[in-house]
Structures are given as C-alpha cells and as structure tokens.
**Student:** 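Shown below is the structure under consideration.
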Amino acid sequence: MEDPIRRNRVTPEEREFYATEGYVLLPGLLTTSEAEALRLEVLSIMEVIGLGRTKLRQTHEYLAGSRVDALVNSENLRRIASELMEGEAHLYLPFTAVKSGAETAEQGGGEFHFHQDNQYTRFDAPGNNLWFALTPMSEENGCLRMIPRSHLHGTLPSLESPDRDGHRTIDFAPESFLPIRMEPGDCVAFTRLTVHGSGPNRTSDHRVAYAVQYFREDVRYSTDGGVTWKRAKDHPRWSVGPVSALTPPTEKRDGH
C-alpha cells in the first residue's frame with residue numbers, strides 16, 4: 001500500500017518550535033479521505049476488542065495489509081520522527097486512542113489526567129509520539145491538552161491516576177494548559193517528556209485518534225524506575241508488527 005503520509009520532512013521552523021515548546025502541530029499529514037478510512041478501520045478494531053465507556057481505549061494490534069499497517073510502518077512518518085529527535089527513529093509502540101461518546105455528557109469518556117509518557121517506561125534519550133486526529137478534535141469531545149515547555153524539566157514525579165486504572169498522573173495541578181484543536185488528518189508530535197492529557201468527551205460521537213511512538217536509536221529504557229536498563233534497539237519492549245487476526249479482549253494482556 002502507498003505511504004499515506006504526504007511529506008517526509010519538517011521545516012526548520014517546525015523543528016525549532018518542537019525543541020522549544022515540546023510539541024508541534026503538523027497539519028494535513030493525512031488527506032481527509034485517508035483519515036476517514038483510518039477512522040473506520042479503528043472503529044472496526046473497537047468492534048472486536050470492545051469500546052464500552054472509556055477515557056482511552058488502546059490496543060497496539062493492527063491487521064497486516066490494513067491502512068493502519070501502512071500508517072504505523074510509514075517510512076515518511078519515521079523520517080519526520082527522526083528529524084524531530086535529531087537521530088534515527090525506530091518504532092516503539094503504536095496504539096488506538098479512542099475516547100467514547102454517549103447520549104449524555106455524564107456517560108461519555110472521561111478526563112485523561114496530565115502525565116508524561118516517560119512516567120510509564122522510562123527512556124534515557126529522546127522518544128516522541130506522533131498523534132493523529134481521525135475525527136475533529138475540540139474541547140467538547142476531549143482534545144489533547146498540552147503544557148508547553150514542560151519537557152524542559154525532565155521526568156517528573158508521578159502518582160497513580162485517581163481513577164485507579166493503572167495510568168499515571170503528575171503530582172500537581174497545572175495552572176494552565178493549551179487545548180490542541182485539530183482536524184482529521186492533522187498530526188501533533190510531542191516529546192516523551194511533554195506533559196499532556198485530554199478532557200472528557202461531552203458529545204455523542206466517539207473521539208478517534210491513532211498514536212505512533214518512536215525512540216531514538218541510542219535509547220535505553222527502564223521498567224523499574226531506573227534501576228536496570230536495556231537498549232531498546234536490541235531488546236524491543238513491545239511486539240509491534242502486524243497480526244493476522246485481532247486478539248479478543250478476554251485473551252489480551254494489559255500493558256502500556
């Protein structure tokens with residue numbers, strides 16, 4: 001399948017903004033028709049694994065030969081990630097990012113608390129997340145919330161989310177944040193240290209996105225808070241290749 005990403009470079013201005021602010025919006029990396037096709041594929045994945053009422057339904061499984069396969073393994077996207085990290089990028093973890101909608105605001109997918117990706121598996125060198133809107137993203141349906149320049153403070157202390165669902169959160173309440181409004185096909189790239197979250201979905205439509213995370217080739221990672229380290233290139237944290245069939249939820253293992 002043809003590479004769905006419409007360019008393979010970032011501008012000097014985009015690279016500088018990313019380095020300074022910890023994120024950068026890359027509009028129109030996917031066509032609107034490609035974004036719609038991906039939205040339908042992601043929702044078909046939800047039909048297999050079950051969506052329910054959730055602030056973020058994630059799975060890193062995707063079918064071989066699918067449009068998601070083409071996105072996850074896009075060479076153009078990997079080159080963009082490499083330029084932003086100023087070094088060779090390798091695929092770390094792709095996943096669906098669906099926040100459920102509902103008939104009433106009280107039933108929609110809730111807030112995803114502010115956190116850093118590095119508060120889960122810790123990297124000792126750059127990693128990033130290229131996050132695609134497959135539906136319009138607004139404050140009403142729970143768009144991403146970003147704290148600019150928060151990546152400059154390193155990995156912050158964290159706590160378990162108040163939802164007690166295994167997710168992490170920073171240990172303070174941010175004074176301000178920036179809502180990232182996006183259109184289908186837009187991508188926001190942010191570092192593994194950038195504090196981000198998302199608001200609740202108050203609409204009846206599911207908020208659908210897809211994230212592709214990368215690590216720079218010199219990264220080591222730790223799953224025990226920095227006591228032991230493994231080189232990510234030699235010891236992959238996740239199996240990220242396509243599958244021939246999706247795993248039903250009763251057989252899946254939890255993980256971030």
Side-chain angles (χ1 to χ4, degrees), residues 2-36 38-39 67-68 70-95 97 114-118 123-139 142-155 174 176-198 207-219 232:
E2 184 179 351
D3 195 317
I5 301 300
R6 302 175 72 185
R7 59 178 167 127
N8 61 10
R9 304 293 301 272
V10 292
T11 66
E13 293 77 15
E14 289 169 336
R15 189 182 301 112
E16 181 180 0
F17 191 94
Y18 174 86
T20 302
E21 302 297 328
Y23 76 96
V24 65
L25 184 62
L26 303 171
L29 283 195
L30 297 169
T31 65
T32 54
S33 60
E34 185 66 31
E36 173 61 12
L38 281 162
R39 182 187 72 87
R67 291 181 181 274
V68 174
L71 174 65
V72 169
N73 295 292
S74 164
E75 180 60 21
N76 286 345
L77 190 64
R78 191 190 67 80
R79 288 176 180 174
I80 289 172
S82 297
E83 287 202 350
L84 291 173
M85 293 191 292
E86 299 183 339
E88 197 72 15
H90 296 264
L91 181 62
Y92 174 64
L93 182 66
F95 56 88
F114 283 105
H115 66 283
Q116 296 170 307
D117 290 339
N118 223 41
F123 287 8
D124 68 350
N128 59 17
N129 189 334
L130 277 69
W131 197 96
F132 286 87
L134 304 181
T135 53
M137 298 290 160
S138 66
E139 293 173 86
C143 67
L144 282 182
R145 296 168 168 177
M146 209 75 65
I147 301 183
R149 306 195 177 194
S150 53
H151 67 304
L152 301 176
H153 304 294
T155 303
S176 62
F177 60 82
L178 181 68
I180 307 298
R181 304 175 185 91
M182 303 168 69
E183 293 299 323
D186 291 350
C187 173
V188 60
F190 53 96
T191 82
R192 198 163 176 83
L193 295 174
T194 303
V195 176
H196 63 286
S198 63
R207 191 217 70 177
V208 184
Y210 201 89
V212 186
Q213 294 185 342
Y214 295 90
F215 65 86
R216 201 171 68 182
E217 63 178 353
D218 57 334
V219 159

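Computed from a predicted model, the values in this text were never measured in an experiment.
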**Student:** Looking only at heavy atoms, what is the nearest atom pair of Gly127 and Met85, with distance?
**Tutor:** CA-SD, 3.5 Å
**Student:** Got Tyr92 and Asn129 here, is their nearest side-chain heavy-atom distance under 4.5 Å?
**Tutor:** no
**Student:** Please give me the minimum heavy-atom distance between Ser82 and Ala89, naming the atom from each residue.
**Tutor:** OG-N, 2.9 Å
**Student:** Under 3.5 Å, side chain of Thr155 to main-chain N/O of Asn118, donor-acceptor pair present?
**Tutor:** no
**Student:** Please determine which of Leu130, Leu30, Val68, Leu38 meets the side chain to side chain contact (heavy atoms under 4.5 Å, CB included) test together with Tyr210.
**Tutor:** Val68
**Student:** Please tell me if the side chains of Cys143 and Pro179 come closer than 4.5 Å, counting only heavy atoms from C-beta onward.
**Tutor:** yes
**Student:** Taking atom NE2 of His196 and atom CG of Leu178, what is their separation to the nearest 0.5 Å?
**Tutor:** 14.0 Å
**Student:** Taking C-beta and beyond as the side chain, do Ile180 and Met146 meet within less than 4.5 Å on heavy atoms?
**Tutor:** yes
**Student:** If the threshold is 4.0 Å, N to carboxylate O, is there a salt bridge linking Arg216 and Glu83?
**Tutor:** no
**Student:** Minimum heavy-atom separation for Arg7 to Leu29, with atom names?
**Tutor:** NE-CD2, 3.6 Å
**Student:** Does Phe190 offer a backbone N or O that forms a donor-acceptor pair with the side chain of His151 under 3.5 Å?
**Tutor:** no
**Student:** Are any non-hydrogen side-chain atoms of Met137 and Trp131 less than 4.5 angstrom apart?
**Tutor:** yes
**Student:** Is a side-chain donor or acceptor of Arg78 paired with a backbone partner of Leu91 at a separation under 3.5 angstrom?
**Tutor:** no
**Student:** Run the side-chain contact (heavy atoms from CB on, under 4.5 Å) test on Asp117 and Gln213 for me, step by step, so that the C-alpha distance in whole Å, both residues' side-chain angles and the decisive distance to 0.1 Å come before the verdict.
**Tutor:** CA-CA 10 Å; Asp117 290 339; Gln213 294 185 342; 3.4 Å; yes
**Student:** Considering non-hydrogen atoms only, spot the tightest contact between Gly28 and Arg6 and give its length.
**Tutor:** O-CD, 3.2 Å
**Student:** Side-chain contact, heavy-atom cut-off 4.5 Å: Pro184 with Leu134?
**Tutor:** no
**Student:** Tell me if a side-chain donor or acceptor on Ser150 pairs with a main-chain N or O of Ile147 at a distance below 3.5 Å.
**Tutor:** yes
**Student:** Looking only at heavy atoms, what is the nearest atom pair of Ala189 and Leu26, with distance?
**Tutor:** CB-CD1, 4.4 Å
**Student:** Under 3.5 Å, is there a donor-acceptor pair between the side chain of Asn8 and the main chain of Glu75?
**Tutor:** no
**Student:** Output yes when Glu139 and Arg145 qualify as a salt bridge under the 4.0 Å nitrogen-oxygen rule, no when they do not.
**Tutor:** no
**Student:** If you measure from CG on Leu152 to CD on Glu21, what distance do you get to the nearest 0.5 Å?
**Tutor:** 8.5 Å
**Student:** Could you measure the distance from the OG atom of Ser138 to the CZ atom of Arg207? Nearest 0.5 Å is fine.
**Tutor:** 10.0 Å
**Student:** Do Arg9 and Ile80 touch side chain to side chain, with heavy atoms closer than 4.5 Å?
**Tutor:** no
**Student:** Check the angle between the aromatic planes of Phe215 and His90 and answer parallel, tilted or perpendicular using the 30° and 60° thresholds.
**Tutor:** parallel
**Student:** For the pair Ser74 (side chain) and Ala70 (backbone), establish whether a donor and an acceptor sit closer than 3.5 Å, ignoring hydrogens and angles.
**Tutor:** no
**Student:** Measuring from Ile5:CD1 to Cys187:SG, what's the distance to the nearest 0.5 Å?
**Tutor:** 7.0 Å
**Student:** Just do the side-chain contact (heavy atoms from CB on, under 4.5 Å) check on Glu14 and Val24 with the steps written out, would you?
**Tutor:** CA-CA 6 Å; Glu14 289 169 336; Val24 65; 4.1 Å; yes
**Student:** Do Glu34 and Arg67 come close enough that some side-chain heavy atom pair is under 4.5 Å?
**Tutor:** yes
**Student:** Is it true that a side-chain atom of Thr194 and a backbone atom of Gly22 form a donor plus acceptor pair closer than 3.5 Å?
**Tutor:** yes
**Student:** Applying side-chain contact (heavy atoms from CB on, under 4.5 Å) to Asp186 and Phe132, what does each step give before you reach the verdict?
**Tutor:** CA-CA 6 Å; Asp186 291 350; Phe132 286 87; over 6 Å; no
**Student:** Does Tyr214 reach the side chain of Leu77, with side-chain heavy atoms less than 4.5 Å apart?
**Tutor:** yes
**Student:** Run the ring-centre check on Tyr18 versus Tyr23 and record whether the distance is less than 6.0 Å.
**Tutor:** no
**Student:** First locate atom CG of Asp124, then atom CG of Asp218, and finally report the distance between them rounded to the nearest 0.5 Å.
**Tutor:** 7.5 Å
**Student:** Looking only at side-chain N and O atoms, does Asn128 offer a donor or acceptor that is under 3.5 Å from a partner on Thr191?
**Tutor:** no
